Amino acid sequence: MTAATEGTTRFLDPFVSISDHVIETNVICEDDLLKLAYGEAVAIVVRSYCDEKLCRSMSDKLLNGAELKEYVSVPYLHKWGYNSYEGLSDPSREEEYFSQATAAMREIRSAWAPNLSPMDRLRLDLQEAWPGGATMRFSHQEFADGGRGHSGGVA
């Protein structure tokens with residue numbers, strides 16, 4: 001999908017192939033997000049988005065946390081709570097998905113304190129850069145947030 005132009009309005013055209021362009025930048029900005037949304041890029045890479053030493057320290061804390069669980073089908077890949085695919089692909093698991101989200105999110109934030117977690121920073125950057133702002137998905141007065149980890153660290 002890429003952006004098509006009709007007059008001054010841009011819209012997504014599902015019949016145009018997606019670009020293979022990767023944007024490398026120092027900050028997340030509106031222009032790059034729009035290129036990504038319109039299919040003019042496949043990814044935005046922000047090198048050194050989070051300090052490497054701090055990430056290693058936090059991953060050690062998180063990989064020993066109470067909310068850490070393994071995927072059944074991929075034992076070396078870990079998670080905090082359900083991921084959205086597991087929790088929202090079956091209506092019977094949706095309530096459990098959202099009920100676990102707060103505890104998982106708090107554990108991740110606690111590990112990063114007093115620093116801002118990369119996911120919280122990303123949310124703030126997207127809120128500021130996306131036209132009209134970006135918000136989290138809310139359900140049952142709770143919201144989903146989590147991380148993924150593997151034997152090499154936290155993703």
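Keep in mind it's a predicted model, so treat the numbers as computed, not measured.
With contacts defined as side-chain heavy-atom distances shorter than 4.5 Å, the pair P131/E30 qualifies. Proximity of I23 to V45: side-chain heavy atoms (C-beta onward) are nowhere separated by under 4.5 Å. A heavy-atom distance below 4.5 Å is found between the side chains of L124 and L116. Considering only heavy atoms from C-beta on, C55 comes within 4.5 Å of W112 through its side chain. Using a 4.5 Å cut-off on side-chain heavy atoms (C-beta onward), H21 and V42 make no contact. I28 is not listed as a side-chain neighbour of W130, based on a closest heavy-atom distance of 4.5 Å or more.
Atom CD1 of I44 is separated from atom OG1 of T25 by 8.0 Å, given to the nearest 0.5 angstrom. Interatomic distance, M58 CE to S110 OG, rounded to the nearest 0.5 Å: 10.0 Å.
Heavy-atom neighbours of E24 CD from other residues, nucleotides or ligands within 6.0 Å: above the threshold of 12.
Scanning all heavy atoms of the two residues, the minimum distance from A43 to L36 falls at N-CD1, 3.6 Å. Between D51 and L54, the shortest heavy-atom contact is OD2-N, 2.9 Å.
Side-chain contact annotation: D60 with S57, donor-acceptor N/O pair under 3.5 Å absent.
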**OP:** Show the numbers, then the answer: is there a salt bridge (Lys or Arg N to Asp or Glu O under 4.0 Å) between D125 and R121?
**Re:** CA-CA 6 Å; D125 287 346; R121 179 180 172 199; 3.6 Å; yes
Original post:
So M119 and I108, side chain to side chain contact (heavy atoms under 4.5 Å, CB included) or not? Walk me through it.
Top reply: CA-CA 9 Å; M119 288 305 297; I108 291 170; over 6 Å; no
**OP:** Please test V27 against V46 for side chain to side chain contact (heavy atoms under 4.5 Å, CB included), starting from the C-alpha separation and ending with a verdict.
**Re:** CA-CA 6 Å; V27 295; V46 181; over 6 Å; no
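With salt bridges taken as basic N to acidic carboxylate O contacts below 4.0 Å, one links D31 and K35.
Looking only at distances, a side-chain donor or acceptor of Y49 sits under 3.5 Å from a matching main-chain atom of L122.
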